[in-house]
Amino acid sequence: MRKASAKSSSEAAAADKSNTSNTPELLNSEHFEFLSNALRTLSTGFKNLPEFKDTVTASENVGDILTATAERLRDNYPYFHPLYAGQMLKPPHLVAQLAYALAMTINPNNHALDGGRATSAMEKEAVAQLAAMFGWPKFLGHLCGGGTMANLEALWVAGQSAPEKMILASSQSHYTHQRISRVLQLPFETIASDARGRIDVKVLEKRLKRGGVGTVVVTMGTTATGSVDPLHEILALRQKYDFRIHADAAYGGYFTLVENLEPDTQKAFAAMVEADSIAIDPHKHGLQPYGCGCILFKDPGVGRWYKHDSPYTYFTSTDLHLGEISLECSRPGAAAAALWATQKLLSLTKRGDFAQGLAKSREAARTLYDRLRVDEQFITPFAPELDIVIFALRAESVSATSMFSRQIFKAAANRDLHLAIADLPIGLFANLPPDMKRDRDTFTCLRSVLMKPAHLDWLNQIWSRILASVTDVQNSKTGISRRRK
Ligand SMILES: *Cc1c(COP(=O)(O)O)cnc(C)c1O
């Protein structure tokens with residue numbers, strides 16, 4: 001990563017201008033033309049007002065300070081680039097970036113119609129499209145800050161409708177469920193995961209038999225390994241034991257549109273129509289800037305739990321205000337505008353361009369997995385269900401393998417390939433070589449989230465850099481032992 005230089009901002013900007021042949025393009029002047037045209041359209045909507053210019057924004061320091069900001073922002077991994085194949089990060093779609101910037105000039109607040117009339121309407125349309133993707137024509141739902149907020153609302157409603165009853169989630173569910181339950185003062189228990197990182201349905205049934213369970217959190221794509229809990233099998237248990245089902249689809253939800261999944265995974269997604277609530281994060285796979293999660297409830301009647309008296313919020317309309325069905329108060333209307341614009345461009349349909357993009361990510365993960373699986377230097381726990389690949393270098397012990405993972409992570413970064421590392425229970429590696437010493441309970445592995453469609457086109461690049469990084473690590477190791485002798 002380049003360090004910010006000590007040069008003045010304008011000098012740095014001038015130097016950068018002369019050396020842009022090889023730099024990746026973020027937003028360009030053509031994109032800004034779209035934005036300035038749209039801004040003109042927007043501002044003519046207010047042309048009846050007497051002229052007013054905000055003098056503060058015209059200050060000449062703004063350019064220099066923005067350049068200084070850009071210098072600071074260089075200290076990031078290149079999330080937008082296909083060689084960033086680490087954590088769950090991808091750039092928002094161009095139309096989302098521009099629509100967000102456009103709406104931000106108005107800065108509407110989607111808490112209430114007074115603060116965000118247009119963007120509240122856009123939010124309702126966009127959220128209805130998300131609900132329709134899961135087969136819900138009727139629902140209650142809204143955008144929120146992210147998956148954690150969405151899950152908080154789901155468990156809050158769960159607690160309101162069945163106070164004191166137990167929340168269950170798998171050991172591979174998102175770590176915030178336990179914490180959210182603590183915040184809500186709801187009892188919480190973890191259910192073991194099986195050897196593919198999914199909730200163990202047999203263990204779940206045993207726990208359900210003992211009674212007192214209010215809600216089961218079903219993870220539709222775990223954050224660590226992309227494993228999908230078998231929702232279709234859990235539906236059968238609900239017939240017997242009666243509990244709420246909250247589908248945490250923060251990361252995986254959009255894969256409901258994708259047709260190149262394993263049959264079991266497909267069945268689980270098809271069952272989402274029967275869940276009681278769904279959390280989905282447009283800011284993960286939905287091409288949105290951060291600050292865009294979504295909670296959906298199948299029964300619009302849960303709105304009764306949200307009733308509250310706000311003395312100043314609701315003057316202008318007898319319509320439903322989004323603020324009346326949300327735990328958060330102020331929320332960015334710009335997030336709704338961005339999501340609305342994105343879904344206008346890329347509809348949430350099977351075989352549409354958006355679904356094809358997700359299918360490419362999935363294909364990239366499967367291709368990388370296939371290469372790792374046939375190469376004897378590597379071990380892999382199981383085939384990816386979505387677009388996350390977990391792997392490690394084979395070694396004499398779990399601790400040696402874990403050390404290699406950390407070294408390969410660094411060596412790959414030196415080759416501009418950015419992976420992630422994850423600590424996983426060794427139980428997920430059911431197929432460990434028999435002679436490998438199990439000297440630790442957790443396994444530090446390499447983790448690659450191939451969530452950009454371009455990852456598929458770059459797979460040869462990614463693969464050759466992984467192999468080269470392994471060689472780097474092996475060479476430096478023999479280098480060390482030679483020096484010791
Ligand atoms: C990312 C994630 C969350 C948390 O969502 P944020 O948007 O980061 O708050 C919850 N559950 C799952 C399965 C996730 O992948």
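Just follow the structure's listing: the first ligand is 1, and inside any ligand the first atom is 1. Sequential numbering from 1 along the given sequence is applied to the chain's residues. The analysis underlying the following values was restricted to heavy atoms, covering all of them including side chains, and did not include hydrogens, waters or symmetry mates.
Contact check on Lys202 versus Glu233 returns no salt bridge, with no Lys/Arg side-chain nitrogen under 4.0 Å from an Asp/Glu carboxylate oxygen. Using a cutoff of 4.0 Å between basic side-chain nitrogens and carboxylate oxygens, Asp457 and Lys360 are scored as salt-bridged. In this structure, Asp299 does not pair ionically with Arg244, as no charged nitrogen and carboxylate oxygen lie closer than 4.0 Å. Salt bridge Asp387/Lys90: absent, no basic N to carboxylate O contact under 4.0 Å. Salt bridge present: Arg366 and Glu363 bring a charged side-chain N and a carboxylate O closer than 4.0 Å.
Few gaps surround CZ on Arg406; more than 12 heavy atoms of other groups in view lie less than 6.0 Å from it.
Neither side chain, Gln172 nor Thr219, offers a donor N or O lying under 3.5 Å from an acceptor on the other. Side chains of Gln97 and His31: a donor-acceptor N/O pair is absent below 3.5 angstrom, by distance only.
Checked against a 3.5 angstrom limit, the closest N/O atoms of Asp281 and ligand 1 fall inside it. Of the N or O atoms in Thr222, none lie within a sub-3.5 Å distance of an N or O in ligand 1. The shortest N/O to N/O separation between Gly147 and ligand 1 falls below 3.5 Å. The shortest N or O to N or O distance between Thr176 and ligand 1 is not under 3.5 Å.
Nearest to atom 9 (O) of ligand 1 among the protein's heavy atoms is Thr148 OG1, 2.5 Å. Looking only at heavy atoms of the protein, atom 1 (C) of ligand 1 is closest to Lys284 NZ, 1.2 Å. From the protein, the heavy atom lying nearest to atom 10 (C) of ligand 1 is His174 CG, 3.3 Å. The protein non-hydrogen atom at the shortest distance from atom 11 (N) of ligand 1 is Asp248 OD2, 2.7 Å.
The shortest heavy-atom distance from Gly221 to ligand 1 is under 4.0 Å.
Here is the list of ligand 1 atoms found below 4.0 Å of a heavy atom in Tyr251: 15 (O). Close approach of ligand 1 to His283 (heavy-atom distance below 4.0 Å) involves ligand atoms 7 (O). Atoms of ligand 1 found under 4.0 Å from any heavy atom of Ala250 (numbered from 1 in listed order, with element): 2 (C), 3 (C), 10 (C), 11 (N), 12 (C), 14 (C). If you number the atoms of ligand 1 from 1 as listed, the ones under 4.0 Å from a heavy atom of Asn151 come out as 10 (C), 11 (N). Short contacts between ligand 1 and Thr223, defined as distances under 4.0 Å to a heavy atom of the residue, involve ligand atoms 12 (C), 13 (C), 14 (C), 15 (O).
With hydrogens and angles ignored, the 3.5 Å screen pairs no side-chain donor or acceptor of Asp229 with any backbone N or O of Leu231.
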